[in-house]
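Heads up, the thing below is written out as structure tokens.
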Amino acid sequence: MIVVIGQPALARVDGEPAAAGSAARMALAAAARGAAVQLVGKVGEDADGEALVLALARGQVGHVALQRDPAHPTPRAVDPDDAPDSDEATAPPGGPSSSLTLDAPDVELALRYLTEFRVIVLADELDPSAVRVAGDATSWGNATLIAVVGEGQTVPGDLPSDAIVLGAPTEDVAGAFDRLVGELAAAIDAGADAQAAFRELVGSAGWEPAAT
């Protein structure tokens, strides 16, 4: 099983609710490869939260560790790139996000329920204590940790020595990078060698090394 840790958002694609955000896209890409996937994040106790959970379920992404927060609204995608085929992404009242955050106790609680995992993906930037919880879980669970680091972010400390760290591009055109991360997690979960799987996925997607 793959556990993706990060905050999903709700978007509208052709008027229909869809799961958006990097964490959701990675989870959906892994599930599309046939992997069992659970998403650790938060949604509000509102209609948007229900719609987001249903959208994830349609993509075969589990939500038993998706926590409900009555104090904040479910985030909505504000960048059209979060909903690749839509120009209808909107923000909730009061701002572009709902201020939902994942901290160490949230991650620890989720991983108590999700014990049979082979891969953990840190899709979003987390505070050091939350990263430490995820790293410890992969160590005692003999799992692989994939940490995604955005431009300008610092590589988290206290990562397991065999963690995979991937630098996210500034712009993820049509979610190509997020899809790559999800497919890599699915390949590792299926028993593939991480380096070999990465090379194969990069080659099949037509990616080329950047000029130095």
Side-chain angles (χ1 to χ4, degrees), residues 1-11 13 16-70 72-77 82-84 98 100-124 126 130-131 133-138 140-148 164 166 175 177-192 197:
M1 182 178 67
I2 298 167
V3 177
V4 179
I5 302 175
Q7 184 56 54
L10 181 70
V13 177
E16 296 297 322
S22 289
R25 286 195 293 258
M26 292 173 191
L28 289 167
R33 284 285 183 115
V37 185
Q38 291 287 342
L39 179 60
V40 174
K42 288 185 177 180
V43 298
E45 287 190 351
D46 49 26
D48 281 354
E50 293 293 338
L52 179 51
V53 167
L54 290 174
L56 290 167
R58 285 195 297 272
Q60 305 301 311
V61 173
H63 50 82
V64 297
L66 200 59
Q67 301 176 39
R68 301 280 187 160
D69 186 336
H72 299 93
T74 299
R76 292 188 186 177
D82 280 339
S98 65
L100 286 173
T101 57
L102 284 170
D103 54 25
D106 295 326
V107 175
E108 185 174 14
L109 177 62
L111 294 178
R112 288 180 186 174
Y113 293 101
L114 308 173
T115 56
E116 299 296 326
F117 49 79
R118 292 184 179 177
V119 182
I120 293 179
V121 179
L122 302 182
D124 296 337
L126 298 174
V131 172
V133 169
D136 290 345
T138 58
W140 55 252
N142 196 27
T144 298
L145 179 68
I146 300 176
V148 176
I164 299 170
L166 300 175
F177 174 78
D178 291 337
R179 187 164 55 252
L180 173 70
V181 176
E183 292 176 346
L184 176 62
I188 295 172
D189 181 60

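Take Glu50 and apply the side chain to side chain donor-acceptor pair (under 3.5 Å) test, not counting sequence neighbours, and it matches Arg68. Under the rule for a salt bridge (charged side-chain N to carboxylate O under 4.0 Å, His left out), Arg58 has no partner lying at least two apart in sequence or in another chain. Take Arg33 and apply the salt bridge (charged side-chain N to carboxylate O under 4.0 Å, His left out) test, not counting sequence neighbours, and it matches Glu183. With sequence neighbours excluded, the residues that form a side chain to side chain donor-acceptor pair (under 3.5 Å) with Asp106 are Lys42. For Ala32, there are no side chain to side chain contact (heavy atoms under 4.5 Å, CB included) partners, not counting sequence neighbours. Under the rule for a salt bridge (charged side-chain N to carboxylate O under 4.0 Å, His left out), Asp46 has no partner lying at least two apart in sequence or in another chain.
With hydrogens and angles disregarded, a donor-acceptor distance shorter than 3.5 Å links the side chain of Gln38 to the backbone of His63. Checked by atom type and distance alone, the side chain of Thr74 pairs as donor or acceptor with a backbone atom of Gly44 at under 3.5 Å. At distances below 3.5 Å, at least one donor-acceptor pair connects side-chain atoms of Asp189 with backbone N or O atoms of Met1.
With rounding to the nearest 0.5 angstrom, the CG atom of Leu39 is 5.5 Å from the CG atom of Leu66. Here the CD1 atom belonging to Ile2 is positioned 8.5 Å from the CD1 atom belonging to Ile188, to the nearest 0.5 angstrom. Atoms CD and CG, from Glu16 and Leu54 in turn, are 11.5 Å apart once rounded to the nearest 0.5 Å. With values rounded to the nearest 0.5 angstrom, Leu56 atom CG is found 9.5 Å from Leu10 atom CG. The CG atom of Leu122 sits 10.5 Å away from the CG atom of Leu102 when rounded to the nearest 0.5 Å.
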Test Asp48 against Val43 for side chain to side chain contact (heavy atoms under 4.5 Å, CB included), laying out the working first.
-> CA-CA 8 Å; Asp48 281 354; Val43 298; over 6 Å; no
Steps toward side chain to side chain contact (heavy atoms under 4.5 Å, CB included) verdict (Ile120, Val40) | CA-CA 10 Å; Ile120 293 179; Val40 174; over 6 Å; no
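Minimum heavy-atom separation, Ala134 to Ile5: CB-CD1, 4.3 Å. Annotation for Gly175 and Arg25: closest pair CA-NE, 4.0 Å, computed over non-hydrogen atoms. Nearest approach of Ala192 to Ala197, heavy atoms of both residues: CB-CB, 4.2 Å. A pairwise comparison of heavy atoms in Ala19 and Leu28 identifies CB-CD1, 4.2 Å as the closest pair. In plain terms, the two heavy atoms of Ala77 and Ala11 that are nearest each other are CB-CB, 3.8 Å. Minimum interatomic distance between Ala35 and Ala186 (heavy atoms only, all atoms of both residues): CB-CB, 4.1 Å.
Side-chain atoms of Asp178 and Val148, non-hydrogen and from C-beta on, never get closer than 4.5 Å to each other.
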